[in-house]
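In what follows, a structure is listed as structure tokens, so that the remarks can point back to it.
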Amino acid sequence: MSDHIATDLLPSATPVRYLAEDGTTVDGPAGYPRPSTEELREAHRRMVVGRRFDAQATALTKQGRLAVYPSSHGQEACQIAAAMVLREDDWLFPTYRDTMAMVTRGLDPVEALGLLRGDAHCGYDPNATRTAPQCTPLSTQTLHATGLAYALRRKGTDSAVLALIGDGATSEGDFHEALNFAAVFEAPVVFLVQNNGFAISVPLEKQTKAPSLAYKGVGYGVRSEQVDGNDPVAMLAVLHKAFEHARAGAPFLVEAHTYRIEAHTNADDATRYRNSDEVDRWLDADPLARLEKHLRTLGALTDEDVAAAQADGERLAADLRSRMNADPHLDPMTLFDHVYARPTTQLVEQRDLLATELKAQEG
Amino acid sequence: MSDHIATDLLPSATPVRYLAEDGTTVDGPAGYPRPSTEELREAHRRMVVGRRFDAQATALTKQGRLAVYPSSHGQEACQIAAAMVLREDDWLFPTYRDTMAMVTRGLDPVEALGLLRGDAHCGYDPNATRTAPQCTPLSTQTLHATGLAYALRRKGTDSAVLALIGDGATSEGDFHEALNFAAVFEAPVVFLVQNNGFAISVPLEKQTKAPSLAYKGVGYGVRSEQVDGNDPVAMLAVLHKAFEHARAGAPFLVEAHTYRIEAHTNADDATRYRNSDEVDRWLDADPLARLEKHLRTLGALTDEDVAAAQADGERLAADLRSRMNADPHLDPMTLFDHVYARPTTQLVEQRDLLATELKAQEG
Amino acid sequence: MAATTMAQALNRALRDSMTADERVLVFGEDVGQLGGVFRITDGLTRDFGEDRCFDTPLAEAGIVGFALGMAMGGFKPVVEMQFDAFAYPAFEQITSHVAKMRNRTRGHLTVPMVIRVPYAGGIGGVEHHCDSSEAYYVHTPGLKVVTPATVNDAYTLLREAIDDPDPVIFMEPKKLYWSKEDIELRHIDEPLGHAAVRRHGKDATLIAYGPSVPVALQAAEAAAEEGVDLEVIDLRSLVPFDDDTVMRSVRRTGRCVVVQEASGFAGFGAEIVARIQERCFHSLAAPVIRVAGFDIPYPPPMLEHSHLPSVDRVLDAVDRLQFTDEPDHRYLTGAHS
Amino acid sequence: MAATTMAQALNRALRDSMTADERVLVFGEDVGQLGGVFRITDGLTRDFGEDRCFDTPLAEAGIVGFALGMAMGGFKPVVEMQFDAFAYPAFEQITSHVAKMRNRTRGHLTVPMVIRVPYAGGIGGVEHHCDSSEAYYVHTPGLKVVTPATVNDAYTLLREAIDDPDPVIFMEPKKLYWSKEDIELRHIDEPLGHAAVRRHGKDATLIAYGPSVPVALQAAEAAAEEGVDLEVIDLRSLVPFDDDTVMRSVRRTGRCVVVQEASGFAGFGAEIVARIQERCFHSLAAPVIRVAGFDIPYPPPMLEHSHLPSVDRVLDAVDRLQFTDEPDHRYLTGAHS
Ligand SMILES: Cc1ncc(C[n+]2csc(CCOP(=O)(O)OP(=O)(O)O)c2C)c(N)n1
Ligand SMILES: Cc1ncc(C[n+]2csc(CCOP(=O)(O)OP(=O)(O)O)c2C)c(N)n1
Ligand SMILES: [Mg+2]
Ligand SMILES: [Mg+2]
């Protein structure tokens with residue numbers, strides 16, 4: 001209950017940053033492991049590919065190939081860092097907005113898009129990919145992440161869990177309960193809040209009067225930090241540190257200050273609630289451009305490197321395009337699968353009804 | 001987002017205290033209005049009466065006159081201060097444990113005990129008494145309090161609201177949502193957490209890893225303080241200040257460190273989860289004894305004053321005893337009243353069914 | 001006269017209620033500047049000011065609990081839950097407090113508030129965006145539950161719901177938001193609780209509500225072509241339930257099909273069937289048959305059409321109403337007897 | 001052999017399951033040191049250690065969501081909700097996640113967990129402590145819902161629920177916790193989903209579950225004295241529902257009364273009635289009648305006896321099963337026709 005403990009838990013007064021918006025280095029706080037140049041080169045490549053993926057998914061949505069797509073354009077530093085700090089045995093709990101992080105993690109892009117395409121609730125195998133289904137009920141996944149993290153610890157592993165959540169979703173009660181459970185049970189979980197300024201149309205200042213969302217940690221005894229979410233160097237540094245803590249049984253809360261460049265989803269009209277000046281200002285803080293400049297200054301990135309990354313992106317996009325342009329074959333009879341391990345007699349009756357209907361339609 | 005703002009919101013590093021356990025004054029922090037001796041004398045009288053009320057309710061429960069009774073013995077400084085800082089036009093949102101505060105506020109003791117006696121869900125008129133029904137679903141009332149506080153502000157009054165809540169209940173999501181709504185809507189509400197060490201059997205250290213519950217405020221931009229909940233001087237001082245803030249549109253969170261001397265309710269067996277040493281230690285910190293010593297040292301309390309207070313308590317207890325010893329007359333036909341403003345045809349049918357049954361039983 | 005959509009009718013109802021009674025406030029997630037994700041609150045903040053229509057933090061229990069407090073303070077909140085499944089975080093506030101406050105306080109504290117819930121499917125929404133959640137609310141005493149199926153009902157029922165002295169769960173069938181009618185919106189001043197006979201018929205009664213009403217009507221048109229004359233009842237108000245209209249019809253036709261989009265098992269349709277057989281037993285020439293969503297989680301968009309009660313499925317059920325002497329073997333198989 | 005209470009049987013089931021399978025964990029509010037407010041988890045922490053049975057922070061959504069995560073991680077959580085109405089904060093976690101996880105992930109993630117819910121009244125509890133909340137769960141596909149009425153069923157159903165590969169809402173009738181039987185607890189190894197015929201009879205079938213089973217049995221004994229021979233079915237499992245046992249009985253007796261403590265309107269009894277008339281229409285000699293709690297918030301302790309379905313109320317309903325030729329005018333009044 002001492003002052004000291006409380007101070008330890010508080011975030012830095014301003015977001016951790018190592019790269020200025022123009023890509024030059026600035027003096028960030030000590031105590032965070034600086035990512036290696038190799039790691040930053042890899043981050044750059046993945047950001048190029050990730051952004052290309054996002055653009056392709058947006059395009060496919062316009063063509064009617066996805067039911068809905070929430071873009072993470074502008075949040076690439078968060079998305080890529082999230083995927084890169086995870087070991088293969090760690091778990092990721094993504095929301096609907098985090099498909100880029102999932103693809104970066106290595107999920108098959110078509111499988112990753114199952115929910116948003118509309119052919120499945122979850123197109124991939126969560127166990128095989130160590131990636132929970134994308135969650136739409138806001139903030140509920142933070143509790144699942146906490147429970148799973150505790151399970152991993154109980155099983156004697158040092159695997160950890162990353163729960164992604166948006167700024168708006170931090171207002172839900174489940175987030176509060178997750179932070180509390182994580183602390184009480186010393187669950188190896190990192191909560192990464194991607195504060196992209198909006199919950200659909202609602203700006204952060206209507207969402208909270210907190211000095212910053214990272215200040216929510218102290219009320220649970222959870223260590224926290226705020227970070228420039230468009231600075232890939234800072235994102236990697238802080239998340240690495242957060243995982244170190246988490247693996248030692250101390251959950252960690254990270255708030256990344258970033259911005260959603262596109263509308264909430266393709267169905268949203270952002271001009272109703274914000275003006276393009278604001279978007280332009282944030283485009284100047286673009287995380288990819290920032291990292292590219294930084295690496296070039298270091299002499300660690302050549303035109304060929306950039307071209308190679310772009311080619312990777314094009315390959316992924318082309319593959320995605322062609323595979324998504326076929327209509328998936330879906331069997332309505334699967335509706336009755338997996339409601340229970342074995343269907344109840346009621347479900348068997350209903351399945352028979354549907355089978356009869358389908359036969360009648362064919363015949 | 002500056003450090004300064006965050007620091008302003010944080011509570012003192014240790015609980016605010018003006019009276020030591022032996023009743024001598026200690027150096028508390030500046031910045032809180034010290035209650036007048038007159039106010040302290042009144043607090044003393046009310047604590048004597050309140051404690052007597054609590055003992056009588058416990059006795060009535062043993063005699064089967066109450067369905068259940070959660071005692072607030074040991075929490076008198078909180079209960080009395082809560083009632084005393086409220087103006088008549090302010091609202092109180094009590095839990096099941098706060099009957100003493102309600103009676104101190106002036107509610108008729110028999111009406112106040114309606115819920116716990118079992119003849120009503122709420123035995124008093126909340127509008128007339130400006131006291132919400134005692135709430136059993138934990139922490140839900142903090143949202144109602146916030147909404148009502150905002151309504152009062154919207155109506156142009158400077159009335160404020162006090163929401164009482166226990167330490168355990170702070171873990172519920174609704175508490176988090178209430179703090180957030182209160183801050184965002186600048187609702188004139190004070191949240192008083194009576195941290196009595198236990199949620200039934202669960203001690204605080206299993207409930208939270210927060211440095212103290214008061215540290216939950218900063219994450220919402222809500223000013224907070226922690227206070228020695230067995231120090232009536234500190235309780236009054238901090239709550240007065242909290243109300244000043246609240247009336248100005250800045251909600252306030254107060255954590256009072258106190259202790260539940262009795263079991264959770266008469267139905268609970270506290271020996272299963274704590275030992276009597278702990279209880280004894282807290283009996284040494286008794287808020288009533290502390291205030292009595294302090295006032296006597298000041299020369300502001302005589303034997304006659306104490307006797308008069310005790311006589312007030314006995315009068316209240318006697319009245320309560322005699323009125324509670326009669327079985328209340330309850331008409332089962334009232335079951336259908338107040339489900340809706342006008343009963344549905346379905347309810348009319350059901351009422352007729354019951355009427356027929358009752359007639360058959362009589363005949 | 002210009003065609004009006006259900007979305008526009010709801011917007012007009014909010015406007016007219018806000019104009020008529022300054023205690024009426026509209027709030028929820030994205031209802032302000034954006035006008036709601038379905039634009040039901042379009043322009044309200046602009047036209048009535050931020051005091052009357054405003055965004056809240058993203059927390060449904062918070063919204064409902066806060067609204068209840070405001071209702072205690074004399075306001076009439078109309079809150080929006082963004083989608084059906086996103087009202088579940090508010091479930092405790094709704095069932096333990098909103099529904100019970102009048103009863104708990106013996107009429108001293110009343111909660112004249114409306115909780116708007118866009119519900120049901122048919123719009124290609126992903127999981128958790130298409131639940132038919134009415135059964136949870138209708139079983140909770142103290143709540144009224146209303147759902148419009150026509151443009152004018154959307155207007156008039158919402159106005160009545162806002163005027164009602166009790167809390168109303170106002171369930172808006174999402175797929176009908178863009179349905180149009182060429183009408184002048186009229187406020188028909190009658191308390192909630194009346195069903196409407198949408199089509200008169202003599203051979204059997206179809207009972208439906210919300211998103212299933214157009215399905216029932218289409219089925220009736222199709223049946224008419226085959227010489228079967230179906231009556232179609234649109235319940236409009238699930239609580240209070242209009243026994244009178246329903247029983248009168250079924251006693252006359254002697255046959256009945258209940259259509260609902262929600263999963264059938266223990267859905268609201270079960271209550272309708274139970275009441276009918278309790279009250280019209282000797283008038284029934286055949287069992288009352290339910291056509292409902294399957295007992296499965298709402299499917300992904302590409303499969304929802306197989307789940308939703310279709311016109312064909314309703315006609316199939318009508319066929320099973322034993323107009324002839326052939327026994328219905330369908331249920332006998334399951335029961336092994 | 002010593003008499004065993006239902007509370008003890010539940011405790012034994014937890015112990016035996018924890019011994020049989022070390023993945024079984026018990027947690028919730030006050031379940032550790034205290035052994036739960038009803039002592040169902042008495043001694044588990046002492047005997048199995050804090051790793052196997054432990055207290056959590058006070059947050060029901062937290063408990064259920066955390067348990068779901070643990071189930072993803074290979075554990076089998078058995079969590080306690082302290083009282084019926086205090087499961088409502090977890091409603092979103094239960095309906096949107098626990099119920100759906102298997103289906104959402106096409107069988108990849110399963111949630112073999114048990115949510116224990118002490119429910120219903122008759123114990124003089126204050127408001128919010130006596131809800132009969134089963135209707136909310138039975139309507140949610142993906143959940144199994146089970147409720148014991150006897151001491152041995154408490155034991156065997158809880159063991160089956162824990163062994164079940166799917167999430168089970170295990171509803172414990174509070175007022176039967178102290179009911180006693182002189183029996184040796186036996187684990188009958190059969191999957192959930194079977195009703196039990198508690199009394200054989202030929203004149204009519206009483207269908208009940210949980211707290212209403214003893215009421216139905218007492219009514220049957222009383223009726224026997226008047227020469228009416230009632231069959232009593234204890235459903236035990238609400239989901240899956242045992243159509244076979246129910247329909248077989250009603251086809252034979254031709255008359256049926258459904259008893260439930262929950263408010264009648266859109267309660268689980270409605271589903272039972274709807275199914276029976278769908279499947280046994282031509283066997284029915286009279287409408288199936290429901291005896292249920294009134295459609296009101298659960299009353300304060302001193303009035304609960306007037307609300308709860310009593311033996312008399314059940315006998316009254318049996319009387320209305322048209323054994324003679326007198327018409328039942330009760331329902332005709334309401335319908336004005
Ligand atoms: C419980 C719940 N309430 C409401 C919604 C509807 N909804 C979907 S996304 C969204 C905004 C979320 O904002 P934020 O958490 O900041 O995440 P972002 O979309 O910006 O990534 C809302 C309100 C939901 N999905 N779940
Ligand atoms: C939502 C909810 N969950 C559980 C309970 C059961 N319950 C009643 S009191 C209590 C402990 C509350 O502890 P605390 O908040 O510290 O208050 P105290 O009783 O100590 O005053 C619990 C778990 C409840 N009433 N409401
Ligand atoms: Mg956001
Ligand atoms: Mg406590």
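Owing to the predicted nature of the structure, the values given are computational and were not obtained by experimental measurement.
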Atom pair CZ/CZ of Phe294(C) and Arg351(A) - distance to nearest 0.5 Å: 11.5 Å

Gln134(A) portion near chain C, given a 4.5 angstrom heavy-atom threshold: backbone

Please determine whether the number of non-hydrogen atoms from other residues, nucleotides or ligands lying under 6.0 Å from atom CZ of Arg342(A) exceeds 12. no

What's the separation between atom OG in Ser306(C) and atom CE in Met333(A), rounded to the nearest 0.5 Å? 10.0 Å

Apply side chain to side chain contact (heavy atoms under 4.5 Å, CB included) to residues Thr136(A) and His129(C) and explain how you reach the verdict. CA-CA 9 Å; Thr136(A) 67; His129(C) 288 72; 3.8 Å; yes

Under 4.5 Å heavy-atom distance to chain C, tell me which part of Val68(A) shows up: side chain, backbone, both or neither. side chain

Please classify the contact between Glu60(C) and chain A as side chain, backbone, both or neither, with a heavy-atom cut-off of under 4.5 Å. both

Option that, when pairs with chain C are counted at under 4.5 Å, heavy atom only, ranks first among Thr344(A), Leu354(A), Asp331(A): Leu354(A)

So how far is it from His307(C) NE2 to Phe336(A) CZ, rounded to the nearest 0.5 Å? 9.0 Å

Tell me, for Ala169(A) versus chain C, whether the close heavy atoms (under 4.5 Å) come from the side chain, the backbone, both or neither. backbone

Least distance between heavy atoms, Ser171(A) atom then Ala59(C) atom: O-CB, 3.4 Å

Given side chain to side chain contact (heavy atoms under 4.5 Å, CB included), test Thr56(C) with Lys206(A) step by step and report yes or no. CA-CA 7 Å; Thr56(C) 63; Lys206(A) 289 190 181 174; over 6 Å; no

Does any backbone or side-chain atom of Thr334(A) lie under 4.5 Å from a heavy atom of chain C? Answer side chain, backbone, both or neither. side chain

Separation between OG1 of Thr140(A) and OH of Tyr88(C), rounded to the nearest 0.5 Å: 13.0 Å

By a 4.5 Å heavy-atom criterion (distance strictly below it), what part of His305(C) contacts chain A: side chain, backbone, both, or neither? neither

Greatest number of heavy atom pairs closer than 4.5 Å to chain A - which of Pro300(C), Ala85(C), Pro57(C): Pro300(C)

Show your working on side chain to side chain contact (heavy atoms under 4.5 Å, CB included) between Leu138(A) and Leu58(C) and close with a plain yes or no. CA-CA 9 Å; Leu138(A) 294 168; Leu58(C) 208 173; 3.4 Å; yes

Segment of Leu347(A) engaging chain C (4.5 angstrom heavy-atom cut-off): side chain

Measure the CZ-CG distance between Arg272(A) and Leu34(C) for me, rounded to the nearest 0.5 Å. 6.0 Å

What part of Arg39(C) lies closer than 4.5 angstrom to a heavy atom of chain A: side chain, backbone, both or neither? side chain

Sort Gln207(A) into side chain, backbone, both or neither according to what part of it lies under 4.5 angstrom from a heavy atom of chain C. both

Proximal component of Phe86(C), with respect to chain A [non-hydrogen, under 4.5 Å]: side chain

Return the minimal non-hydrogen interatomic distance between Ala199(A) and Asp30(C), and the atom names on each side. O-OD1, 3.3 Å

Can you tell me which of Glu127(C), Glu304(C), Gln33(C) forms the most heavy-atom pairs within a distance under 4.5 Å of chain A? Glu127(C)

Which atoms of Asp295(C) are under 4.5 Å from chain A, going by heavy atoms: the side chain, the backbone, both sets, or neither? both

Ignoring hydrogens and angles, tell me if any N or O in the side chain of His121(A) forms a donor-acceptor pair with the backbone of Pro297(C) under 3.5 Å. no

What option among Asp352(A), Leu115(A), Asp269(A) has the most heavy-atom pairs under 4.5 Å with chain C? Leu115(A)

Could you check which of Ala120(A), Ser139(A), Ser201(A), Gly168(A) has the highest count of heavy-atom pairs closer than 4.5 Å to chain C? Ser201(A)

